2 protein chains.
Amino acid sequence: MQTNEALDIEATANVLKLLGDKTRLTMVKIMSEHECCVCEFVDLFDMSQPAISQHLRKLKDSGIVNEARRGQWIFYSLNQTSAYYSFIQTVIKDLPSQAFKVEELTAQGKRICCD
Amino acid sequence: MQTNEALDIEATANVLKLLGDKTRLTMVKIMSEHECCVCEFVDLFDMSQPAISQHLRKLKDSGIVNEARRGQWIFYSLNQTSAYYSFIQTVIKDLPSQAFKVEELTAQGKRICCD
DNA sequence: TAACTATATAAGCATATGATTATTTATTCG
DNA sequence: CGAATAAATAATCATATGCTTATATAGTTA
């Protein structure tokens, strides 16, 4: 088994606290499979747009995710350069794939694509 | 890489929330190395005995830890039969060992041993 | 049994958290 | 430019969290 760099307990606790919310944990799992823009998250969760925005801000402030504006939309994705990137991958590895949710969006024509 | 049973997102978020507290995360790391009784935790943390007790109760209520009375003392240890045992091991794997703290207790003659 | 030690529980309190609605800011497009 | 869309921010609020002190409970021991 691979052994990684030692992680600081307090910083790790803060990351775990962020992941310790059902909405954010699901968001992170989704982003591990697809990048996603805010309005897609709004469609995926039964929650107001500001609530989504606030969850994403916490993830962004911690450095876990990146944001990238593309035109009208802001896309969020896991920050692969974060010191916690591989830790997070390990934590979410066995969570059920959320790809079906994004596929449902596509089926409904709600998927945003900027290519 | 080993792939384990899929974990439920909401239940996993609840476990992560429990681990997302510096005190509890440290406790869990300590218990992964040594079982520990309440008064030892009280010596190890700068916190009142009831605060320690309340953290341990949350861990116990979630099934993450076991308690075992031995005489006057109640020892807490990781519950190896918990559905989240291997998940937790993975999460805490790269945290710095807390064994030195328990060794300090031993050096101060504060280590409880019921053998 | 009484005193002592270990732990749990109760009550109270300050702060954190996660949501809402209202509003602002940024971008696109007619 | 002005309307429409996307997202962020501000203000507010109810509930959760983590601690404290005080007290109760359980076990040990003289």
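For clarity, every value in this text was computed on a predicted model and none was experimentally measured. Atoms considered below: every heavy atom in the structure, side chains included; atoms not considered: hydrogens, waters and symmetry mates. We name chains A, B, ... by the order of the sequence lines, and we start the count at 1 in each one.
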Assess whether atom CG of B/Asp61 is packed by more than 12 heavy atoms of other residues, nucleotides or ligands within 6.0 Å.
yes
Touch class at under 4.0 angstrom, heavy-atom based, for A/Lys60 against every strand present:
nothing
Phosphate OP1/OP2 of D/dA7 contacted by A/Ser53 side-chain N/O (<4.0 Å):
no
Mapping A/Ser48 and A/Gln72 to their closest nucleotides on DNA chain C, which lands nearer the 5' end?
A/Ser48
Whole-Å distance, A/Lys58 NZ to D/dA8 C1', equals 15 Å
What nucleotide, of C/dT20, D/dG18, D/dA7, holds the atom closest to the side chain of B/Arg24?
D/dG18
Between C1' on C/dG18 and CE on A/Met27, what's the gap in Å once rounded to a whole number?
12 Å
Whole-Å distance separating the CG atom of B/Asp46 from the P atom of D/dG18:
17 Å
Donor + acceptor pair across side chains of B/Glu33, B/Ser97 (<3.5 Å):
yes
Whether the side chain of B/Gln49 and the base of C/dT5 hold a donor-acceptor pair under 3.5 Å is what I'd like checked.
no
Using a cut-off of 6.0 Å, state whether more than 12 heavy atoms not belonging to B/Glu10 lie near its atom CD.
no
Counting only distance, no hydrogens or angles, is the base of D/dT17 paired donor-acceptor with the side chain of B/Gln54 under 3.5 Å?
no
